[in-house]
Participant: 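My questions all concern the structure below.
In what follows, every chain begins at residue 1, and chains take the letters A, B, ... in the order their sequences are listed. If you're wondering where the values come from, they're calculated on a predicted model, not measured in any experiment.
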Number of protein chains: 2
Amino acid sequence: MQEAAVRRQNGVALWRQIADRIRSAIAGGDYDAIGKVPPEMVLAEQFGVNRHTVRSALAALAQEGIVQAVQGRGTLILRKERLNFPISRRTRFNQGIGDQAREKEGLLLASAEEAATADLASRLKLSVGAPLIRLETLRKADRRPVSRATAWFPADRFAGIADAYRDSGSITTAFGTVGLPDYIRVSTEITAVHADNDDLSALELSPGAIVLVTRALNADADGVPVQYAVSRFPADAVQFTIEN
Amino acid sequence: MQEAAVRRQNGVALWRQIADRIRSAIAGGDYDAIGKVPPEMVLAEQFGVNRHTVRSALAALAQEGIVQAVQGRGTLILRKERLNFPISRRTRFNQGIGDQAREKEGLLLASAEEAATADLASRLKLSVGAPLIRLETLRKADRRPVSRATAWFPADRFAGIADAYRDSGSITTAFGTVGLPDYIRVSTEITAVHADNDDLSALELSPGAIVLVTRALNADADGVPVQYAVSRFPADAVQFTIEN
DNA sequence: AGCGATTTGTCCGTATGTATC
DNA sequence: TGATACATACGGACAAATCGC
């Protein structure tokens, strides 16, 4: 079967286009039956390129730890994950992952107090300049980074949430310790962009990778906004589902 | 202000990385105040590259019709859109766009009858091999392609839906003419991948572009599946919002 | 154990694209 | 505008490892 051809001389190296496609195919389960990638010659034929070009693509994937080439046997698939995040009124990060990962971590990278910009103020229904607490977090599942997020909270209502998050690694738990037993996801915006430099290092991606960006607003039971968060997920590793 | 540096020699040409970043900045409204891109020398400084490299990036964006360089004035922004698609139980494509575009089009690219694969059968709650109608559609807003979709319908229940769609350009209307007055969005999966060759031509994208992929299931009022659709949207031009 | 087929690893050389100065 | 350095992509040839018969 002839694969849809890659495009030449458009600023994206052939080996990178091919690496991206193979990575997607692995995540999509296309090679599950054999547990390895087709032989280099076959891939070269499918993509209409030289075998060396396929080798460059596979070398990049091996660098990412996704595959491992073994002389004489083939190129074995080591890692193949795509976490599913349900989005609903009850969206909770850690619960959402559920049993899809054994080990869940929430790291606090940084925290600060700052004044609400016009955009933040309107989303959180505060006045411009109102004090906010900003948390920079990195979440991991089974040691792999699955999202990095910037979250803002009204500072007067949730003093101490930074420490609470650092200790628990969970927004839900942190909310609980500062006096909010429950909250609800009001709205979620989803876009996708190329990974920027910070994404590349924080999420351990390679250049050209895609990140899914969500902008989420959480509120308490009375509908008063309690958190606005911008989260960035490696697109290869996650998908979102909305159940209506 | 020093921009986060672009990465060299990682399979994506500098000019393309910069083009992607500028395109995102335009879509994000960063240059709305002046209506044009900063001068080439300024951009070169920000990204830490030679001015020629910035020129290659801007030339690519001009080719896409996003900017236009005018000698003596600068590089003007021609087009800057990001359509918002609400996702809910009542998700309707044309209504969802609402007044975000004046002109809405739904084109039938192809239709066929085929047998349900295991995946399709399980999603539509049919038996494997059940007859399905497949529609390939392209939707445009203000002449710009905003999604291409493949949709499957149970063939026995919705015979004639291909013609109905071709005539109306609307799934909702087509359902109405074949006897289904109302339907409900049951679930939506969202992922993001690099555009493949078909995306590039159908959605008029340039290589390296990102497409948002949705897999949606619609059902009738009794919860019986009536449609399963895989849609692909140019990530630069759309975002999704989920209101809970 | 031997053999051939399959598959990855390494080397050569050449042409073109990318980026700087 | 050229000159230069490096990355990308191709083509071919052969070595080395694995597997099934």
Participant: A:F93 vs A:F85 aromatic rings, parallel, tilted or perpendicular, using cut-offs 30° and 60°?
Facilitator: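 Correct class here is tilted.
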
Participant: Could you state the atom-to-atom distance from CZ of A:R55 to P of C:dC11 in whole Å?
Facilitator: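 My rounded result for the distance is 11 Å.
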
Participant: Compute both the distance and the angle, then confirm whether A:R21 meets the cation-pi test with A:F47: under 6.0 Å from the six-membered ring centre, within 45 degrees of the axis.
Facilitator: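 No, A:R21 does not sit over the ring of A:F47.
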
Participant: NA contact type, A:T75, heavy-atom cut-off 4.0 Å: base, sugar-phosphate, or nothing?
Facilitator: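 The answer is sugar-phosphate, as A:T75 gets under 4.0 Å only of primed atoms, P, OP1 or OP2.
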
Participant: Under the 3.5 Å rule, do the base of C:dG9 and the side chain of A:R51 count as making a donor-acceptor pair?
Facilitator: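 A donor-acceptor contact between them is present.
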
Participant: To the nearest 0.5 Å, what is the distance between CD on B:E40 and CG on B:L43?
Facilitator: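 If we round to the nearest 0.5 Å, B:E40:CD and B:L43:CG are 8.0 Å apart.
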
Participant: Nearest to the side chain of A:R73 - C:dT8, D:dG11, D:dC19?
Facilitator: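 Looking only at side-chain atoms, A:R73 lies closest to D:dC19.
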
Participant: Looking only at the side chain of A:E40 (C-beta and beyond, no hydrogens), which of the listed nucleotides C:dT10, C:dT8, C:dT20 gets closest?
Facilitator: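 Shortest atom-to-atom distance from the side chain points to C:dT8.
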
Participant: From CD of A:Q71 over to C1' of C:dA5, roughly how many Å is that when rounded to an integer?
Facilitator: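 Checked: the CD to C1' distance equals 15 Å.
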
Participant: Quick one: B:R16 CZ to C:dA19 P, roughly how many Å, whole number?
Facilitator: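 Checked: the CZ to P distance equals 11 Å.
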
Participant: How many whole angstroms separate atom CE of A:M41 from atom C1' of D:dG12?
Facilitator: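 Those two atoms, CE and C1', are 11 Å apart.
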
Participant: What integer distance in Å separates B:N50:CG from D:dT1:C1'?
Facilitator: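 About 14 Å, once rounded to whole Å.
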
Participant: Report the distance from atom CG of A:L43 to atom C1' of C:dT8, rounded to the nearest whole Å.
Facilitator: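 Taking atom C1' of C:dT8 as the reference, CG of A:L43 is at 13 Å.
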
Participant: For A:F240 together with B:F240, are the ring centres under 6.0 Å from each other?
Facilitator: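 For B:F240 and A:F240, the ring centres are not under 6.0 Å apart.
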
Participant: Rounding to an integer number of Å, can you tell me how far A:W15 CH2 sits from C:dT18 P?
Facilitator: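 My rounded result for the distance is 14 Å.
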
Participant: Find the distance A:K36:NZ to C:dT6:P and express it as a whole number of Å.
Facilitator: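 Going from NZ in A:K36 over to P in C:dT6 covers 13 Å.
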
Participant: With sequence neighbours left out, write down each residue that passes side-chain hydrogen bond (donor to acceptor under 3.5 Å, both in side chains) with A:T75, or none if nothing qualifies.
Facilitator: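 side-chain hydrogen bond (donor to acceptor under 3.5 Å, both in side chains) list for A:T75, sorted by chain: empty.
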
Participant: Would you say B:T53 reaches C:dT20's phosphate, i.e. side-chain N/O to OP1/OP2 under 4.0 Å?
Facilitator: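 The answer is yes; a side-chain N or O of B:T53 sits under 4.0 Å from OP1 or OP2.
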
Participant: Looking at C:dC11, C:dT20, D:dT8, which one has an atom nearest to any side-chain atom of A:H52?
Facilitator: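 The answer is C:dC11, which lies nearest to the side chain.
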
